[in-house]
Amino acid sequence: MEYYLKCIECGAEFDKKEIIYTCTKCNGLLDVIYDYNEIKKNMDMNKLKTEAPSVWKYKDLLPVGIEPVSIREGGTPLYKCDRLAKKIGVKELYVKHEGMNPTGSFKDRGMTVGVSKAIELGMKTVACASTGNTSAALAIYGAKAGIPSVVLLPAGKVALGKIGQALMHGAKVIMIKGNFDDALLLVRELCNQEPIYLLNSINPYRLEGQKTIAFEIADQLGFKVPDRVVLPVGNAGNITAINKGFKEFVTLGITDRRPKMTGIQTEGACPIVKAIKSGADNITPEKNPETIATAIRIGDPVNARKALAAIRESGGTAESVTDDELVQAQKDLAQLEGIGVEPASATSVAGLKKLVDAGIISKDETVVCVTTGHLLKDPEEVISVCIEPVVVEPTIEALRKAIFS
Ligand SMILES: Cc1ncc(COP(=O)(O)O)c(C=O)c1O
Ligand SMILES: N[C@@H](CCOP(=O)(O)O)C(=O)O
């Protein structure tokens, strides 16, 4: 299958064999462009309508020409959430729970493609900066591929579950005395100096894997498209990727419309929200992003230009929520629907509630909230926001008193 890289700013085109992450002419972000007529001619529509969803079900739309590095990613549940819909006041609400991926976050989709590309391009080592999930996924897919991985984390600001994954799966874990944005600048410099393949989402191949979230949502809704998709935004790759996936299904004639892309951030780290609300073409980076949702504690999202375009061209919007609002949504997901998520993921539901209450999202809409990471990723936060367990003497009297009093 033929594809090439194209700069979103100056339109410069680059061969798929080039190992670049941004435009060598203007430093703009890159997109992967396919020959959609060719794909349409060769696509097995029967397989599309019958095979169970997974990332590699859609391999005809993925830029990998070798046997992929896979640990059976994708195929995550799309839960219909009637209790939550009733509490929020929307007609129809689904939750696409990406925490049910093998490493517990949506990053698996990007990494199965990204690490496969590393192998295909002959790279021997992979690296990323991370707020946690990207590093966990890179370590695991690197181990599966049999190549070393290097991950840079902001010291003291990464959830325990994620650090544990990166360490146990053999990554070289480096804690940077700064935030994620500092770590990203450093890892980009390292990968410019050394033959190490950068697998943050500035690498357009990462987003090719993540666009399969859109394919699966459409697939699981009988190739219908929801009115709106609401999701957390940090480095702003995922909202870009999902928008691209829905656009590609329309281009191929598989679906006939696209959802409104709606990005949610926390009040302590919301450069995308501020740009959308002010109508700015570019974000103003935030020097000291702060939130308990450490996964999206990002002040200078690298994919901002793509995300602003995705939100605007889809007729979507962006909103911020407080940490308290996201914690309430985290509890509602867990206790009303049995869906356990890490803090950043819950911003999608918190943001939906806020926008419905404000009358910005119509109560008649069919909405999909994407929950991006599993509850087990951040056990410290979970325990900090829940009531303490009761400790009793080992007698039936003490037990009955604790339960029935
Ligand atoms: C759990 C979780 N949710 C949401 C996000 C935001 O995704 P993106 O950075 O692609 O905007 C991230 C990573 O940034 C994440 O780890
Ligand atoms: N939340 C991310 C931050 C890095 O973003 P990426 O889009 O470059 O992967 C993480 O989990 O590290």
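The chain is numbered in sequence order, starting from 1. Just so you know, these numbers come straight off a predicted model, no measurement behind them. Remember, it's 1-based here, ligands and their atoms both numbered in the order they're listed.
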If you count every heavy atom of other residues, nucleotides or ligands that lies below 6.0 Å from Arg257 atom CZ, does the total exceed 12? yes

Would you please say whether a donor-acceptor pair under 3.5 Å links the side chains of Asn200 and Tyr21? no

re atom 15 (C) of ligand 1, the protein heavy-atom contact at minimum distance is Ala295 CB, 3.6 Å

Subset of ligand 1 atoms that lie under 4.0 Å from at least one heavy atom of Val233: 11 (O)

Over 60° means perpendicular and under 30° means parallel, so tell me whether Phe223 and Phe249 are parallel, tilted or perpendicular. tilted

Check if Gly234 has a non-hydrogen atom at a distance under 4.0 Å from any atom of ligand 2. no

Is the number of heavy atoms from other residues, nucleotides or ligands within 6.0 Å of CE (Met168) greater than 12? no

Does Lys107 have a non-hydrogen atom less than 4.0 Å from ligand 1? yes

Measure the shortest side-chain to side-chain distance between Thr294 and Val158 over non-hydrogen atoms and say whether it is less than 4.5 angstrom. no

For Ser135 and ligand 2, does the shortest N/O to N/O distance drop below 3.5 Å? no

Check each heavy atom of Ile296 against ligand 1 and say whether those closer than 4.0 Å belong to the side chain, the backbone, both or neither. side chain

More than 12 heavy atoms of other groups within 6.0 Å of Lys172 NZ: no

So, is the end of the Lys16 side chain (NZ or CZ) under 6.0 Å from the ring centre of Tyr3 and within 45° of the ring's axis? yes

Which ligand 2 atoms does Thr131 reach within 4.0 Å, using its non-hydrogen atoms? 1 (N), 2 (C), 3 (C), 10 (C), 11 (O), 12 (O)

Check if Ser201 has a non-hydrogen atom at a distance under 4.0 Å from any atom of ligand 2. yes

Which residue holds the protein heavy atom closest to atom 9 (O) of ligand 1, what is that atom called, and what is the gap in Å? Asn235 N, 2.7 Å

Looking only at non-hydrogen atoms, find the nearest pair between Ala139 and Gln165 and report the distance. CB-O, 4.4 Å

Looking at ligand 2, is there an atom of it that comes within less than 4.0 Å of some heavy atom belonging to Lys162? no

Compute the shortest N/O to N/O distance between Gly237 and ligand 1 and return yes if it is under 3.5 Å, no if not. yes

Say whether, by atom type as modelled, one donor and one acceptor occur between the side chain of Asn203 and the main chain of Tyr205 under 3.5 angstrom. yes

Side chain, backbone, both or neither: which part of Asn235 has a heavy atom under 4.0 Å from ligand 2? side chain

Going by the 4.0 angstrom heavy-atom rule, the piece of Lys377 near ligand 1 is neither

Any nitrogen or oxygen of Thr131 lying under 3.5 Å from a nitrogen or oxygen in ligand 1? Just yes or no. no

Tell me if the NZ atom of Lys353 is crowded by more than 12 foreign heavy atoms within 6.0 Å. no

Which residue and heavy atom of the protein sit nearest atom 9 (O) of ligand 2, plus the separation: Thr134 OG1, 2.6 Å

Would you mind running through ligand 2 and noting each atom that sits below 4.0 Å from a heavy atom of Asn200? 4 (C), 6 (P), 8 (O)

Evaluate side chain to side chain contact (heavy atoms under 4.5 Å, CB included) for Ser201 paired with Val302, printing each intermediate quantity in order. CA-CA 8 Å; Ser201 61; Val302 78; 4.2 Å; yes

Considering only heavy atoms, does Lys107 approach ligand 2 within less than 4.0 Å through its side chain, its backbone, both, or neither? side chain

Ligand 2 contact on Ile298 by region, counting heavy-atom pairs under 4.0 Å: side chain

Note the single closest protein heavy atom to atom 7 (O) of ligand 1, along with its residue, its atom name and the distance in Å. Phe106 CZ, 3.4 Å

At a non-hydrogen distance cut-off of under 4.0 Å, which region of Asn238 contacts ligand 1 (side chain, backbone, both, or neither)? both

Are any of the side-chain heavy atoms of Glu380 and Leu160 separated by less than 4.5 Å? yes

Could you say whether the N/O atoms of Asn133 and ligand 1 ever approach to under 3.5 Å? yes

Atoms of ligand 2 close to Ser130 [distance to a heavy atom under 4.0 angstrom, numbered from 1]: 10 (C), 11 (O), 12 (O)

Can you name the one residue among Val115, Val69, Val64 that meets side-chain contact (heavy atoms from CB on, under 4.5 Å) with Glu120? Val64

Measure the distances from the heavy atoms of Ser201 to every atom of ligand 1 and state whether one is below 4.0 angstrom. no

Can Leu78 and Glu216 be said to form a side chain to side chain contact (heavy atoms under 4.5 Å, CB included), step by step? CA-CA 9 Å; Leu78 182 71; Glu216 288 191 8; over 6 Å; no

Should Arg206 and Leu199 count as side-chain neighbours, where that means a heavy-atom distance under 4.5 Å? yes

Does ligand 1 come near enough to Gly234 that some N or O of the ligand is less than 3.5 Å from an N or O of the residue? yes

Would Thr372 count as being in polar contact with ligand 1, using the rule that some N or O on each side must be under 3.5 angstrom apart? yes

